[in-house]
> 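The following block contains the structure, expressed as structure tokens.
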Amino acid sequence: MGSEQQFKSIKGTRDLLPEESTRVRSVETTIHDVMNRWGYGEIRTPAFEQTELFTRSVGEESDIVTKQMYTFSDQSGTSLTLKPELTAPVMRAYIEHDMARGGALTKLYYIDDLFRQERPQKGRLRQFRQFGAEAIGSPHPEQDAEIVALVYTILTEIGLDDITLHINSIGSDNSRNVFRHALVEFLTPHKSDLSETSQRRLQTNPLRILDSKSEEEQKLLKNAPSILDYLDDDDRAHYEDVKHFLERMNIPFAENKMMVRGLDYYTRTTFEITSPNVGAQDALCGGGRYDKLIEDLGGKQTPAVGFAAGIERIMLAMEQGDEDSDQKAPRVYVVAAGDAARNAVLKLTMDLRAEGISADFDSLRRSLKAQMREANRLSASHAVIIGEKELAAGTAQVKTLVSGEQDTWPLKEISSNLSSGQV
RNA sequence: GUGGGGGUAGCUCAGCAGGUUAGAGCUCCAGGUUGUGGCCCUGGUGGCCGCGGGUUCGAGUCCCGUCCCUCACCCCA
């Protein structure tokens with residue numbers, strides 16, 4: 001190694017080497033395709049925002065705000081934060097650009113990097129990538145259903161089959177307040193059986209106790225009141241309609257009344273998509289309706305639904321399943337037999353590339369044999385060999401590597417012959 | 001922040017009743033084939049055995065400390 005210090009990528013961040021980034025890119029291509037087909041337009045927001053945007057939207061008490069944000073001051077002393085989630089920045093942009101004026105309904109999507117200071121583990125990094133969409137303007141259940149169908153379709157087109165969609169409704173403010181009281185009333189007598197964190201949540205955020213992973217608590221919760229019994233008529237009708245639309249769209253789902261999302265801004269519909277082979281962090285996607293958020297951020301009262309999904313987790317889910325498709329780029333490797341041909345090799349390589357053919361050559365001045373080995377290693381379809389004899393004749397040897405067949409072609413005809421698919 | 005597992009070659013790992021020059025497979029390079037890849041054969045490059053200290057005649061191996069990675073809890077995508 002030689003040097004005193006080895007630099008390393010910092011905890012929770014990682015490099016994507018070419019092989020992997022190729023796979024990620026193909027997933028992202030699918031995302032872009034489906035989003036565009038469904039009428040969603042891409043939005044790109046800055047890497048950091050005013051800190052208060054997140055404390056206001058995500059919830060002062062949430063873990064994200066209390067301990068996971070990368071926050072720093074700029075030269076003027078303003079507190080800035082690397083974005084830990086994307087709904088708030090997108091809503092900020094929506095309000096800032098008065099996008100509501102451009103049409104009653106606004107459909108946006110994004111693919112972006114986020115930052116949270118957590119202890120890394122399988123499927124969780126400190127810099128991670130999400131894609132998501134927000135449908136802003138419609139309060140109606142078919143919009144909830146479309147958003148759910150959108151992620152579901154993307155995940156399916158990516159090739160994931162072993163996924164489960166969980167949905168629930170946490171009602172709007174009124175229903176939820178009534179339910180919260182009922183839940184606290186139910187749990188308080190059992191307070192001593194609860195974990196330390198759940199006891200604290202009994203004060204701060206009782207609904208979150210519902211999706212505790214503790215078996216004991218889950219047993220206790222079996223008899224707890226259900227949020228679904230506390231929905232008011234409007235909430236209930238909305239929820240029933242969402243399920244109805246999903247059925248009509250043939251999107252399979254499981255009702256999960258214990259599912260409560262972590263971010264404070266959700267209302268009514270919440271959903272999650274999980275995969276069994278991603279480790280303990282099994283949620284690939286989370287989302288729901290947030291009818292109050294835009295107002296809370298200073299905009300006009302505007303209903304909206306959205307979701308966010310984790311790219312790294314999706315990649316994990318894929319590795320288990322289908323074999324990665326072999327990408328066979330038709331490559332031509334141009335080989336110099338002797339140093340005299342270097343010039344001609346470089347020229348021909350450039351001509352082929354200009355013709356749209358992917359081509360490469362050896363800049364290490366290695367032996368002919370080594371160059372042929374390289375051509376094979378790259379799984380090139382053809383090796384084009386130029387030596388002194390060929391130089392003199394204005395030709396080249398064109399070898400088809402799978403068959404081993406080799407012919408002499410005039411140099412001038414090579415790129416057109418290869419691009420027209422001859423041989 | 002808490003707990004489990006782990007750091008030996010570019011990669012995957014073996015070696016640990018402490019004992020001479022630290023190993024294998026893969027990769028890479030060269031030769032066998034003086035202008036031709038794959039398969040095969042031969043040889044070679046490449047290691048502060050994470051770091052610091054201690055015990056010992058002797059430490060990759062034992063002890064202490066420390067850093068890093070990883071899985072899980074918490075929480076979330």
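Chain letters run A, B, ... following the sequence lines, proteins first and then strands; every chain starts at 1. Since we're looking at a predicted model, the values are computed, not measured.
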> Please give the distance between the P atoms of B:rG25 and B:rG50 as a whole number of Å.
22 Å
> Under 4.0 angstrom, heavy atoms only, what part of the nucleic acid is A:Arg366 near: base, sugar-phosphate, or nothing?
sugar-phosphate
> Inspect the contact between A:Glu157 and A:Arg37 and indicate whether a charged nitrogen and a carboxylate oxygen are less than 4.0 angstrom apart.
yes
> How far does the P atom of B:rC13 sit from the matching atom of B:rC63, given to the nearest Å?
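Nearest-Å result for B:rC13 against B:rC63 at atom P: 23 Å.
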> For B:rC28 and B:rG10, measure between their P atoms and round to the nearest Å.
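Pairwise P distance, B:rC28 against B:rG10, rounds to 15 Å.
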> Between P on B:rG37 and NZ on A:Lys369, what's the gap in Å once rounded to a whole number?
6 Å
> Between B:rG35 atom C1' and A:Gln397 atom CD, what is the distance in whole Å?
9 Å
> Whether A:Lys191 and A:Asp193 form a salt bridge (side-chain N of Lys/Arg under 4.0 Å from carboxylate O of Asp/Glu) is what I want to check.
no
> Partner lookup for B:rC40, please. Criteria are Watson-Crick or G-U wobble with both distances under 3.5 angstrom; report none if nothing qualifies.
B:rG32
> Using the 3.5 Å cut-off, write out each protein N or O paired with an N or O of nucleotides 65-72 of chain B and the distance between them.
unit_1: B:rC68; atom_1: O2'; unit_2: A:Lys8; atom_2: NZ; d: 2.6
unit_1: B:rC69; atom_1: OP2; unit_2: A:Lys11; atom_2: NZ; d: 2.9
unit_1: B:rC71; atom_1: OP2; unit_2: A:Lys122; atom_2: N; d: 3.1
unit_1: B:rA72; atom_1: OP1; unit_2: A:Ala280; atom_2: N; d: 2.9
unit_1: B:rA72; atom_1: OP2; unit_2: A:Gln121; atom_2: NE2; d: 3.3
unit_1: B:rA72; atom_1: OP2; unit_2: A:Lys122; atom_2: N; d: 3.3

> Hey, is A:Arg25 close enough to A:Glu20 for a salt bridge, meaning N to O under 4.0 Å?
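Between A:Glu20 and A:Arg25 there is no salt bridge, as every charged N stays at least 4.0 Å from the carboxylate O atoms.
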> With no angle test and no hydrogens, is the base of B:rG37 tied to the side chain of A:Asn376 by a donor-acceptor pair under 3.5 Å?
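Indeed, a donor on one side and an acceptor on the other fall under 3.5 Å apart.
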> Do A:Glu312 and A:Arg129 meet the salt-bridge criterion of a basic N to acidic O distance under 4.0 Å?
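Result for this pair is no, no salt bridge flagged.
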> Sticking with atom C1', work out how far B:rC29 lies from B:rU70, rounded to a whole angstrom.
34 Å
> Charged N to carboxylate O under 4.0 angstrom, A:Asp296 versus A:Arg56?
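A salt bridge is absent here (no side-chain N lies under 4.0 Å from a carboxylate O).
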> If the C1' atom of B:rA24 is compared with that of B:rU2, how far apart are they to the nearest Å?
39 Å
> Only pairs with both distances under 3.5 Å count, Watson-Crick or wobble alike; so what is the partner of B:rA59 in this structure?
none
> In whole angstrom, give me the gap between the C1' atoms of B:rG47 and B:rG32.
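My reading of the C1' atoms in B:rG47 and B:rG32 gives 30 Å.
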> Salt-bridged, A:Lys83 to A:Asp112, with N to O below 4.0 Å?
yes
> Look at A:Glu42 together with A:Arg44 and state whether they make a salt bridge at an N to O cut-off of under 4.0 Å.
yes
> Using a heavy-atom cut-off of 4.0 Å across all strands, would you classify A:Glu85 as base, sugar-phosphate, or nothing?
nothing
> Between B:rC51 and B:rA9, how far apart are the two P atoms, rounded to whole Å?
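Pairwise P distance, B:rC51 against B:rA9, rounds to 11 Å.
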> Rounded to whole angstroms, how far apart are CZ on A:Arg373 and P on B:rC40?
13 Å
> Quickly work out the A:Glu19 CD to B:rU27 P distance and round it to whole Å.
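Spelled out: CD on A:Glu19 to P on B:rU27 is 15 Å.
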> Does a donor on one side chain and an acceptor on the other come within less than 3.5 Å for A:Thr269 and A:Ser169?
no
> Quick one: A:Arg377 CZ to B:rU27 C1', roughly how many Å, whole number?
9 Å
> Between the base of B:rG35 and the side chain of A:Glu390, is one N or O donor paired with an acceptor at under 3.5 angstrom?
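Check passes, donor-acceptor contact within cut-off.
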> Without decimals, in angstroms, what is the distance between A:Glu374 CD and B:rU27 C1'?
12 Å
> Nearest-Å distance, CZ (A:Phe271) to P (B:rA77)?
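Computing the A:Phe271:CZ to B:rA77:P distance gives 11 Å.
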> Classify the side chain of A:Lys399 versus the base of B:rG37 as yes if they form a donor-acceptor pair under 3.5 Å and no if they do not.
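Looking at the base of B:rG37, it does pair with a donor or acceptor on the side chain of A:Lys399 (distance under 3.5 Å).
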> Check whether the side chain of A:Gln371 and the base of B:rU36 form a donor-acceptor pair under 3.5 Å.
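Flag unset: no donor-acceptor pair detected.
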> Determine which nucleotide pairs with B:rG3, using a 3.5 Å limit on both distances of a Watson-Crick or G-U wobble pair.
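By the stated definition (distances under 3.5 Å), B:rC71 pairs with B:rG3.
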> CG of A:Asp362 versus C1' of B:rC29: gap in Å, rounded?
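Checked: the CG to C1' distance equals 13 Å.
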